[in-house]
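We count ligands from 1, going down the list as the structure has it; atoms in each ligand are counted the same way. We count residues from 1, following the sequence as given.
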Amino acid sequence: MLFASGNGTNAENIIKYFKEKKDVIIQEIFTNNPNAGVIQRAKNLNVPVSTFNKESFYNKDEVLTRLKQIDPDLIVLAGFLWKVPVKIIESFNNRIVNIHPALLPNYGGKGMYGMHVHKAVINSGDRKSGISIHWVNEEYDKGDIIAQFTCPVSENDTPESLAQKVHQLEYTHFPLVIERVLHGKYKV
Ligand code: GAR
């Protein structure tokens, strides 16, 4: 089960990775954004997509009800930008993972997503960035870290070039970490 809000290149990469494997099925993609690139990507790969709005996510429990029907082993946030409601977190305790495009605990929290993160890293002058894959709890980007991978930041890097480096790390490592989590190789 994947959640995504935007372009969906991570979602596509994860779907392609697990299409080759027989023991993991990506049941459905959920998105809050009816214009998200992830919708076409999922359709191209024959994965069902559901869109939802704030009302159905936060007030009407429609997403929660659907998740309970599916009862996935793992919910993966792959570029998902809304805060997950506490009811969903409580119902799927230690079954939700997120990817963040920097080395948490730095550059996390509300408003820190996508290019905002890479701009902040470049402006700080840090010579290292990377990705953090972590469990999701009630606070943005504060759940326990499962795995981190780093890349160098050079003086010539721009937010755009750093975003590319970080995306490459995501494509290489995120599916493998998901697989290891599903096989119980990372302790909760
Ligand atoms: C990814 O870099 C992901 O780490 C980031 O959004 C991008 C989505 O790209 N997630 C966050 O910033 C969450 N706070 P994609 O839609 O092409 O996969």
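- At under 3.5 Å, not a single nitrogen or oxygen of Tyr113, backbone or side chain, sits near a nitrogen or oxygen of ligand 1.
- For Thr31 (side chain) and Ala4 (main-chain N/O), a donor-acceptor pair under 3.5 Å exists by modelled atom type.
- Those atoms of ligand 1 that come under 4.0 Å of a heavy atom in Gly8, given as number and element, are 15 (P), 16 (O), 17 (O), 18 (O).
- With hydrogens and angles disregarded, a donor-acceptor distance shorter than 3.5 Å links the side chain of Lys165 to the backbone of Pro152.
- Inter-residue side-chain proximity for Asn13 and Thr9 is flagged as unmet; no heavy-atom pair is nearer than 4.5 Å.
- Closest to atom 17 (O) of ligand 1 among all protein heavy atoms lies Thr9 OG1, 2.5 Å.
- Proximity of His167 to ligand 1, defined as any heavy-atom pair under 4.0 Å, is confined to the side chain (atoms from C-beta onward).
- Ranking protein heavy atoms by distance to atom 8 (C) of ligand 1, first place goes to Gly79 CA, 3.8 Å.
- Of the protein's non-hydrogen atoms, Ile99 O, 3.9 Å is the one closest to atom 13 (C) of ligand 1.
- A donor-acceptor pair under 3.5 Å links the side-chain atoms of Lys19 to the main chain of Leu45, judged by distance alone.
- Formation of a donor-acceptor pair under 3.5 Å by the Ser161 side chain with backbone atoms of Asp157 is not found in this model.
- Put simply, CZ on Phe30 and CD on Glu62 are 10.5 Å apart, with the number rounded to the nearest 0.5 Å.
- Residue Asn7 approaches ligand 1 through these ligand atoms, each under 4.0 Å from one of its heavy atoms: 16 (O), 17 (O).
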Set out, in order, the CA-CA distance, both residues' side-chain angles and the distance that settles side-chain hydrogen bond (donor to acceptor under 3.5 Å, both in side chains) for Asn32 and Ser5, then state yes or no.
CA-CA 6 Å; Asn32 58 299; Ser5 297; 2.7 Å; yes

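- Side chains of Ile131 and Cys151 form no contact here, defined as non-hydrogen atoms less than 4.5 Å apart.
- Contact annotation: Val117 has no heavy atom less than 4.0 Å from any atom of ligand 1.
- Among protein heavy atoms, atom 1 (C) of ligand 1 sits closest to Glu170 OE1, 3.3 Å.
- Put simply, the side chain of Asp141 gets close to the backbone of Gly109: a donor and an acceptor are under 3.5 Å apart.
- Looking at Ala78 next to ligand 1, no N or O pair under 3.5 Å apart turns up.
- In the vicinity of His100, heavy-atom distances shorter than 4.0 Å reach the ligand 1 atoms 14 (N).
- Side-chain atoms of Ser132 come within 3.5 Å of backbone N or O of Ala102 as a donor-acceptor pair.
- The atoms of ligand 1 that sit less than 4.0 Å from any heavy atom of Met112 are 14 (N).
- Heavy-atom distances between Glu12 and ligand 1 stay at or above 4.0 Å for every pair.
- Atom 11 (C) of ligand 1 has its closest protein heavy atom at Pro101 CD, 3.6 Å.
- For ligand 1, one of its N or O atoms has an N or O atom of Gly114 under 3.5 Å away.
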